[in-house]
Amino acid sequence: MVIGFIRLSALGLVSVSGPAMANQSAPAMPVTLLLLLLLVLAFIYIVALKFRLKRALQPKPDLQGFYSLHDDISGFPNKYALQRKLDDVLKSAPDQQFALILLKVEQFDQINQLLGHSNSNLILAQIAQRINDKLADESKILTYEYRQQQPVRVCHLGSVDFAIWLDIGNQPARAEFLARQLQQSVPQPMLVHGCAIDYRLGVGISLYPEHSTQLNELLERAYLALQHFQWQRGASLMFAPDMINYTTEKLALMAELRQAIDEDQLVLFVQPQMAMRNRQVLAAEVLIRWRHPKKGLLAPEAFLALAEEMGVIYPLSLWVLEQAIKTIASLTEQQLVSRIAVNISSKDLLHDELVEALEQLFEKYQVKPQLLMLEISENALSAEPDRTMAMMQRLHQLGVELALDDFGTGFSSLAYLRQLPVQYVKVDCSFISELHKTEAHMAITGAIIDMARNLGLGVIAEGVEGAEVEDKLLRMGCSRGQGFWYSQPFELSGFPAWLRQWQHRHPG
């Protein structure tokens, strides 16, 4: 009590008058003020305590919940967020038509190797942001959330894959139009540590409910469309049911084929073309084989048709052409003369740079164009006849010989044969092999030979396997043949030695 009294005295709330203090009572007002002050302080303390308690009890941000719905690299919504949103959207509009647009950053592994994971992850996040920025004015795209009043409309599926969900109404073409816009506008070079990083976007599109009503199936079909577009540039971005035939095994085979060119797994065989009367070698057709590390030696039937369909035939054809021209140069050095014939695909004829590529090869190996023969399938004229005819004219002007292969198996070339700049027609082996068995095959073969000769064209019979067939062909006016009767196919690397020995045995 004494200590408390001294404190109150010091505060001036209690008056002290010396000896008279004991005889005088303390004024009531200062005590009242003291109590009031204590109550105020207690109230402030209680309010502060409640505020702190409220903050302590307030739920903290659910970071675990955020990352369950967002990609941890880009911060954009993930596949699970897309599925949750679709569950709500499709319940409210089950009959509406939508498109799933799949975007894939191509060749990102190279960026990863060049810059490392941390920098490449930063680039990936920037690409995601670029895609999202391009969609700011597209109100028909599924919106996940808003950040700083900007809509988030891109789903990061993981790795380098992104998805967009678009309301297309009754206009499926809107999806492909938007996708091609993104392909053109998003891939702008990024400057990282002084390096300009280029990239491309692959695209695949599937439609709801036309292609499926399940997200996983729609993604699978969009992936198929994307892979088809990657293999065949210029193709549609939209999934089509026949793409299901492109199994994972076939797609893997095509990926391996690209590597096979660089890893010397491909090998060329050769089969001579003979002057049937005197056995002089006039040319030799190269035939490709693939020494697959697991599947063994693959014949062209196992991969060429698929390669053409998937759009990887052109780099393969360029490799074959270079090997053929290199062989011609080697023959010329050894004073051995023989043309080399190469089959080229109808798709090759649609590449405008084919002539320039050949010019460079002729210059590189110092080879005359006249020593190369290009065999073109009759069916090549049916797809895009105008472009094919124009390319054949350019090849003819370059000086290479042209032969129409598999003649008689199609119909389109009959109308164009007078206009084609070809020097030979090759009668399909299906006619030649049966020549001595049926009158029908004899009649057809005879008609083809007569027509070709009347047009001033040479005729090459393919598939000559015996003396009887050879004799009938000679009597019908065909003097040039190719087949097992003369030689089975053998490796191109052995052709110069074989040719030297053959010419020694058949001096002509």
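Numbering starts at 1 and runs along the sequence shown. Values reported hereafter were calculated over all heavy atoms of this structure, with side chains retained and with hydrogens, waters and symmetry mates removed.
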- Item | Side-chain ion pair, R291 and E491, N-O less than 4.0 Å | yes
- Item | I205 side chain reached by L100 side chain, heavy atoms, under 4.5 Å | no
- Message: Looking only at side-chain N and O atoms, does S377 offer a donor or acceptor that is under 3.5 Å from a partner on D405?
- Response: no
side-chain contact (heavy atoms from CB on, under 4.5 Å) test vs L237 passes for just one of L226, I101, V203, namely V203
Practice task
With the side chain counted from C-beta on, respond yes when E462 and E285 share a heavy-atom pair under 4.5 Å apart, and no when they do not.
Solution key: yes
For P187 and R130, the nearest pair of non-hydrogen atoms, with its separation, is C-NH1, 4.4 Å
What I want to find out is whether K104 reaches E106 closely enough, with some N-O distance under 4.0 Å, to be called a salt bridge. no
Heavy-atom closest pair (V342 atom, L321 atom, distance to 0.1 Å) is CG1-CD2, 3.9 Å
The reported gap from CD1 in I111 to CG in D198 (rounded to nearest 0.5 angstrom) is 8.5 Å
Check your understanding: Would a 4.5 Å heavy-atom cut-off, applied to side chains only, mark E138 and I141 as touching?
Key -> yes
To the nearest 0.5 Å, atom CG of L122 lies from atom CE of M190 at 8.5 Å
Between Q148 and Q150: side-chain donor-acceptor atoms closer than 3.5 Å
no
* Asked: Counting heavy atoms not belonging to E353, are there more than 12 under 6.0 Å from its CD?
  -> yes
Under 3.5 Å, is there a donor on one side chain and an acceptor on the other for E256 and H292? yes
Shortest non-hydrogen pair, N132 vs P151, comes out as ND2-O, 3.0 Å
query: Should we count CD of Q214 as having more than 12 external heavy atoms under 6.0 Å?
result: no
inquiry  = Contact between P293 and Q265 at the side-chain level, heavy atoms closer than 4.5 Å - yes or no?
reply    = yes
- So does R180 pair up with E176, basic N to acidic O under 4.0 Å? yes
| message | In the structure I gave you, are the side-chain heavy atoms of L69 and R84 within less than 4.5 Å of one another anywhere? | response | yes
Find out whether the Lys NZ or Arg CZ of R153 is both under 6.0 angstrom from the six-membered ring centre of F76 and within 45° of the ring's axis.
-> no
Only one of V152, V154, L86 passes side-chain contact (heavy atoms from CB on, under 4.5 Å) with L142, and that residue is L86
To the nearest 0.5 Å, atom NZ of K134 lies from atom CD1 of I131 at 11.0 Å
Without hydrogens or angle criteria, can the side chains of E356 and H351 be said to hold a donor-acceptor pair below 3.5 Å? no
Take M373 and V400 through the test side chain to side chain contact (heavy atoms under 4.5 Å, CB included) and record every step on the way to the result. CA-CA 6 Å; M373 177 188 291; V400 300; over 6 Å; no
message: Within a 6.0 Å radius of atom CG on D137, are there more than 12 heavy atoms belonging to other residues, nucleotides or ligands?
response: no
Value for CG (L395) from CG (L358), rounded to nearest 0.5 Å, stands at 6.5 Å
Q) For L287, does its backbone N or O pair with a side-chain atom of N343 as donor and acceptor, under 3.5 Å? A) no
If you define the side chain from C-beta out and look only at heavy atoms, does anything of L103 sit under 4.5 Å from L182? yes
In short, L207 meets L218 closest at the heavy-atom pair O-CD2, 3.3 Å
Heavy-atom side-chain contact between I288 and L266 under 4.5 Å: yes
For A175 and L166 the tightest heavy-atom approach is CA-CD2, 3.7 Å
Report yes or no: does R394 contribute a side-chain atom to a donor-acceptor pair with the main-chain N or O of D352 at less than 3.5 Å?
yes
Charged N-O contact under 4.0 Å between K426 and E375: yes
One should read off an interatomic distance between D87 CG and S92 OG, to the nearest 0.5 angstrom, of 11.0 Å
Under 3.5 Å, is there a donor-acceptor pair between the Y365 and E322 side chains?
yes
Distance col, row Q97:CD vs Q171:CD, nearest 0.5 angstrom, shows 10.0 Å
Residue pair E220 / N216, side-chain donor-acceptor N/O under 3.5 Å:
no
For a 4.5 angstrom cut-off between non-hydrogen side-chain atoms, does F98 reach W165? yes
In short, Y314 meets A357 closest at the heavy-atom pair OH-CB, 4.3 Å
